[in-house]
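Inspection log for the structure reproduced underneath, given as structure tokens.
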Amino acid sequence: MIKPTTNDQKNSWTRREALGILAAGPVSAAVQPPEIDPELVRRHDQAVDHVLERQVTDPKSKWCGSIPDVDGLHMPGSAGSVLVYAYAGYLHPQSRHYHSRLVIERSQLAADFLNRAQNEDGTVDLPFTNFNSPPDTGFVIHGVATACLLAKRAGERELVALVEGFLRKAGAALAVGGIHTPNHRWVVSSALAQLNELFPNEAYLRRINQWLAEGIDI
């Protein structure tokens, strides 16, 4: 059974938490990331530049805040990508984007797009195939929750507030929603685990345990 996270358990690093390295300066004393290679920071800055250049900023566009894919479709996950890149740059003192007002403005656009793309039940759509889809919502949560965790650890309440509503509403959907394929059990479970780290909720843990109880047949 999955148990609620304790303070002692939070000192271990996971693959997802590796992005926390990019927020080295402002994180709490309880989590001390290793020294950052300046080349990593430089490359991340370039990635931030890339997503900001591609982000739709026309306020009259229904796609404002998102990034078109190669087919011209605007997936909710594209706004999640803006957030995870932008937040990490905003929080790292060596980044060119550190405490940049532009990053805040663009993050607001991305968050607004996510809110518009979110269905009443908390899910999002994969425009070309899956509608009101918990698994696709889970994939989006992976990035947005990572960004939110960085902001929460840094005490950046403004950044947390931008995405908290989206995440909580999505969490309510994943706590009851189904899946399309067996592997999506782990997509949904990992998203719920991230949400529980941010906003502890017994409903998240119950749903995770329901999926894990099915086991894996080899």
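All values derive from a computational prediction rather than experimental measurement.
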Rounded at 0.5 Å granularity, tell me how far [atom1] in [X] sits from [atom2] in [Y].
X    : Y    : atom1 : atom2 : value
L114 : L109 : CG    : CG    : 11.5 Å
N132 : T137 : CG    : OG1   : 8.5 Å
K169 : N115 : NZ    : CG    : 8.0 Å
S78  : L73  : OG    : CG    : 10.5 Å
E164 : R157 : CD    : CZ    : 11.5 Å

For the student: nearest non-hydrogen atoms of [X] and [Y], plus distance:
X    : Y    : answer
A191 : L174 : CB-CD2, 3.7 Å
A175 : A203 : CB-O, 4.1 Å
F199 : C148 : CZ-SG, 4.2 Å
D58  : C64  : O-CB, 3.3 Å
P135 : V188 : CA-CG2, 4.1 Å

Taking the side chain as every heavy atom from C-beta outward, state whether L198 and K152 have any atom pair closer than 4.5 Å.
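In contact.
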Aromatic ring centroids of Y98 and H92 under 6.0 Å?
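Not under 6.0 Å, so no.
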Mark yes or no for whether [X], through its side chain, and [Y], through its backbone, hold a donor-acceptor pair below 3.5 Å.
X    : Y    : result
D136 : D125 : no
R185 : L212 : no
D69  : G72  : yes
D121 : T123 : yes
R116 : K62  : yes
N196 : L192 : no
D45  : R96  : yes
Q94  : P38  : no
Q55  : G65  : yes
Y87  : L150 : no

Could you walk me through whether M75 and F128 pass side chain to side chain contact (heavy atoms under 4.5 Å, CB included), step by step?
CA-CA 10 Å; M75 308 292 184; F128 55 82; 3.2 Å; yes
Before giving the answer on side chain to side chain contact (heavy atoms under 4.5 Å, CB included), spell out for S107 and L83 the whole-Å C-alpha distance, their side-chain angles and the decisive distance to 0.1 Å.
CA-CA 6 Å; S107 296; L83 290 167; 3.8 Å; yes
Can you name the one residue among E156, H97, H99 that meets side chain to side chain contact (heavy atoms under 4.5 Å, CB included) with L91?
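The single option meeting the side chain to side chain contact (heavy atoms under 4.5 Å, CB included) with L91 is E156.
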Set out, in order, the CA-CA distance, both residues' side-chain angles and the distance that settles salt bridge (charged side-chain N to carboxylate O under 4.0 Å, His left out) for R206 and E202, then state yes or no.
CA-CA 6 Å; R206 283 196 300 270; E202 287 294 329; 5.1 Å; no
Using the rule that Ile, Leu, Val, Met, Phe, Trp and Tyr join whenever any side-chain heavy atoms are under 4.5 Å apart, tell me whether [X] and [Y] fall into a single cluster.
X    : Y    : result
V124 : W63  : no
I208 : V187 : no
F113 : V144 : no
L126 : I179 : no
I67  : Y85  : yes

Without hydrogens or angle criteria, can the side chains of R207 and Q210 be said to hold a donor-acceptor pair below 3.5 Å?
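Short answer, yes.
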Test item: side-chain donor near acceptor, H180 and S133, under 3.5 Å:
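Side chains of H180 and S133: pair found under 3.5 Å.
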Does [X], at its [atom1] atom, have more than 12 non-hydrogen atoms belonging to other residues, nucleotides or ligands within less than 6.0 Å?
X    : atom1 : result
Y90  : OH    : yes
R54  : CZ    : yes
E120 : CD    : no

Given side chain to side chain contact (heavy atoms under 4.5 Å, CB included), test E105 with L102 step by step and report yes or no.
CA-CA 5 Å; E105 293 169 359; L102 175 63; 4.1 Å; yes
How are the rings of F139 and H184 set to each other: parallel, tilted or perpendicular (split at 30° and 60°)?
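The rings of F139 and H184 stand perpendicular, inter-plane angle above 60°.
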Yes or no on side-chain hydrogen bond (donor to acceptor under 3.5 Å, both in side chains) for H142 and S190, after CA distance, side-chain angles and deciding distance?
CA-CA 8 Å; H142 291 172; S190 60; 2.9 Å; yes
